[in-house]
Amino acid sequence: MHFSERIILTVLLAGAGVYSAFGQSMLCQGNYWTESEAAAIHTEFAATYHNLEDWEHRAETIRQGILEGLELTTTPEKTPLNTVIHSKKVMDGYSVENVSFESLPGFFVTGNLYRPTEGDGPFAAILSTHGHWSDPANHGRYREDMQYRCATLARMGAIVFAYDMIGYGDSDQCDHKHPKAPKIQTWNSIRAIDFILTQDGVDPGRIGITGASGGGTQAFILTALDDRIAVSAPVVMVSAHFFGGCVCESGMPIHKSEHHQTSNVEIAALAAPRPLLLVSDGKDWTKNVPEVEYPYIRNIYSYYNQEGRVQYTHLPDEGHDYGPNKRQAAYQFLVHYLDLIPGRWQAEKGLITEAGITILPKEDLKVFTEDFPRPAYAVIGNEAVSALIDR
């Protein structure tokens, strides 16, 4: 069977409620399609809808597929967060505190809360997610790029929460590659919105999210499922052919079922008509964003007459990170759509300065310490955490 015939068969089978011809496994992982296959099948996807009503019908199918794949069609009970905030550190224009709360009884989300020290609010709120790094001494929310972006956004008037993926930082109650990592992390992100809304001065209509790589995956999945996210900026992750290389991104069947096939491009498009920024580069799986992913999503935004709300910044000579140029793109977008105030932090040519930000050592950002230990009732181990999330 030629590829063009296989594409047609796939679409027909999907419409008939039969699993995709691309394989009997429901998991779509890594480089699931070649770049040319991905471009062709997205053309076929686009042929299945022609107006807003058609797209919203498809969007609901995709959203339901994510919930079913994550086993979140029935969500856990939202139990008390039991938040602990400690070790406040005041810097130039912002403060940093160490935070834990319970997304489930005995399971702790851990991170750092960055607040403006100037202005009276109400303030925007931003969730800051991170991706995969191999060095435990310098990964996740401890990394310089994470601290720079959280502090910079806080100085401009946002309350920013940077939190650990499971298996990273203080979140060591189960392995990062837990079989249900996507479910756990998505639920943690939903509860992170609940948490940040408990903070004094937060404007519930101005909540954003941004993260790179695996943090970008968390960003667009949460945006797809929770309309409390008003602005989304996934960085170096939205790709037509690449579906995420870690269990936490593609280890549960969120892209395919017996009734549908989709991709991270369409999942990101579920943000419509809310503002969405794609940041991409020339040296990873986002290299085709200007020609493939962005036009596809922009077409969807056109049904809402909101083409200007989806934007992209492409850096063809850069690689896979959340480096200075990518941060500047995100700052400009978030300033505009979350109504932040650059003020004295705006430098030449409209850039936002990161000068004066203090990079704190890991020890200062730790949540569980001798003075603030993790409670003895914490649920520990993969099996115990599985039983908890599935209860």
Side-chain angles (χ1 to χ4, degrees), residues 28-35 37-39 41-43 45-46 55 58-59 62-63 65-66 127-132 182 185-186 189 208-226 229 231-246 248-250 254-256 261-301 306-307 309-316 318-323 325-327 329-330 333-334 337:
C28 304
Q29 298 177 298
N31 290 303
Y32 185 68
W33 294 318
T34 67
E35 293 174 41
E37 285 175 340
I41 198 167
H42 280 78
T43 299
F45 284 164
W55 162 250
R58 179 164 177 81
I62 296 167
R63 190 173 287 109
I66 300 169
L127 302 184
S128 184
T129 51
H130 71 79
H132 302 88
Q185 292 193 167
T186 299
S189 291
I209 188 168
T210 187
S213 193
T217 301
Q218 294 173 72
F220 61 68
I221 289 176
L222 182 64
T223 304
L225 298 180
D226 199 316
I229 296 295
V231 180
S232 187
V235 174
V236 296
M237 197 61 223
V238 177
S239 169
H241 66 276
F242 186 73
F243 284 67
C246 181
C248 78
E249 301 173 277
S250 54
I254 65 171
H255 302 97
K256 181 165 66 171
Q261 170 82 66
T262 189
S263 70
N264 284 341
V265 180
E266 292 197 311
I267 292 176
L270 295 181
R274 294 166 289 171
L276 173 68
L277 173 68
L278 309 178
V279 182
S280 56
D281 64 81
K283 298 182 181 180
D284 68 10
W285 46 81
T286 63
K287 62 184 179 180
N288 299 319
V289 160
E291 292 80 30
V292 178
E293 290 85 356
Y294 167 72
Y296 189 94
I297 297 175
R298 188 178 187 277
N299 179 59
I300 291 166
Y301 273 72
Q306 294 290 349
E307 296 97 319
R309 284 189 162 196
V310 59
Q311 300 174 21
Y312 77 93
T313 295
H314 187 66
L315 301 163
E318 294 195 10
H320 191 73
D321 59 23
Y322 207 150
N325 292 327
K326 298 180 180 74
R327 296 198 296 274
F333 189 80
L334 294 169
Y337 283 107

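Classified by interplanar angle (parallel below 30°, tilted 30° to 60°, perpendicular above 60°), the ring pair W33/H42 is perpendicular. Under the 30°/60° scheme for interplanar angles, the aromatic rings of Y337 and F333 are found to be tilted.
Counting only residues at least two apart or on different chains, the salt bridge (charged side-chain N to carboxylate O under 4.0 Å, His left out) pairs with a member in residues 271-295 are E35-K287.
F45 carries R58 over the face of its six-membered ring, with the cationic atom under 6.0 Å from the centre and within 45° of the normal.
No donor-acceptor pair closer than 3.5 Å links the side chain of T313 to the backbone N or O of A329. At least one donor-acceptor pair under 3.5 Å links the side chain of T210 to the backbone N or O of A233. Looking at R327, its side chain does come within 3.5 Å of a backbone N or O of Y322 through a donor-acceptor pair. E307 places no side-chain N or O within 3.5 Å of a backbone atom of R298 that could act as its donor or acceptor partner. Judged purely by atom type and a 3.5 angstrom limit, T34 uses its side chain to pair as donor or acceptor with the backbone of E37.
Remark: the Q218 side chain and the T129 side chain contain no N/O donor-acceptor pair separated by less than 3.5 Å.
Pairing each heavy atom of A269 with each of I300, the nearest pair is CB-CD1, 3.6 Å. Closest heavy-atom contact between V238 and F220: CG2-CD2, 3.8 Å. For the residue pair G30 and S250, the shortest heavy atom distance occurs at N-OG, 4.4 Å. Nearest heavy atom pair, residue A219 against residue G211, reads CB-N, 4.5 Å. Scanning both residues, G216 and P234, for their nearest heavy atoms gives O-CB, 3.7 Å. Listed here is the closest heavy atom pair of Q185 and C248: NE2-CB, 3.8 Å.
Two residues are said to be in side-chain contact when any heavy atoms from C-beta on lie closer than 4.5 Å; L276 and R309 fail this criterion. Annotation: side chain of V265 is in contact with side chain of I297 (closest heavy-atom distance under 4.5 Å).
To the nearest 0.5 Å, the span separating CG on N288 from CZ on F242 amounts to 13.5 Å. The distance from atom CD1 of I41 to atom CD of Q261, rounded to the nearest 0.5 Å, is 5.5 Å. Going from atom CE of M237 over to atom OG of S280 covers 12.5 Å, rounded to the nearest 0.5 Å. Put simply, NE2 on H314 and CG on L278 are 11.5 Å apart, with the number rounded to the nearest 0.5 Å. A distance of 13.0 Å separates CG of D226 from CD1 of I221, quoted to the nearest 0.5 Å. Atom-to-atom distance recorded for C28:SG and F243:CZ is 5.0 Å, nearest 0.5 angstrom.
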Show your reasoning for whether side-chain contact (heavy atoms from CB on, under 4.5 Å) applies to L270 and I66. CA-CA 11 Å; L270 295 181; I66 300 169; 4.0 Å; yes
Under the side chain to side chain donor-acceptor pair (under 3.5 Å) criterion, do H132 and S213 qualify, and how do the steps go? CA-CA 7 Å; H132 302 88; S213 193; 4.8 Å; no
Begin with the C-alpha distance, continue with both residues' side-chain angles, and end with the deciding distance and a verdict on side-chain contact (heavy atoms from CB on, under 4.5 Å) for H255 and I267. CA-CA 9 Å; H255 302 97; I267 292 176; 3.7 Å; yes
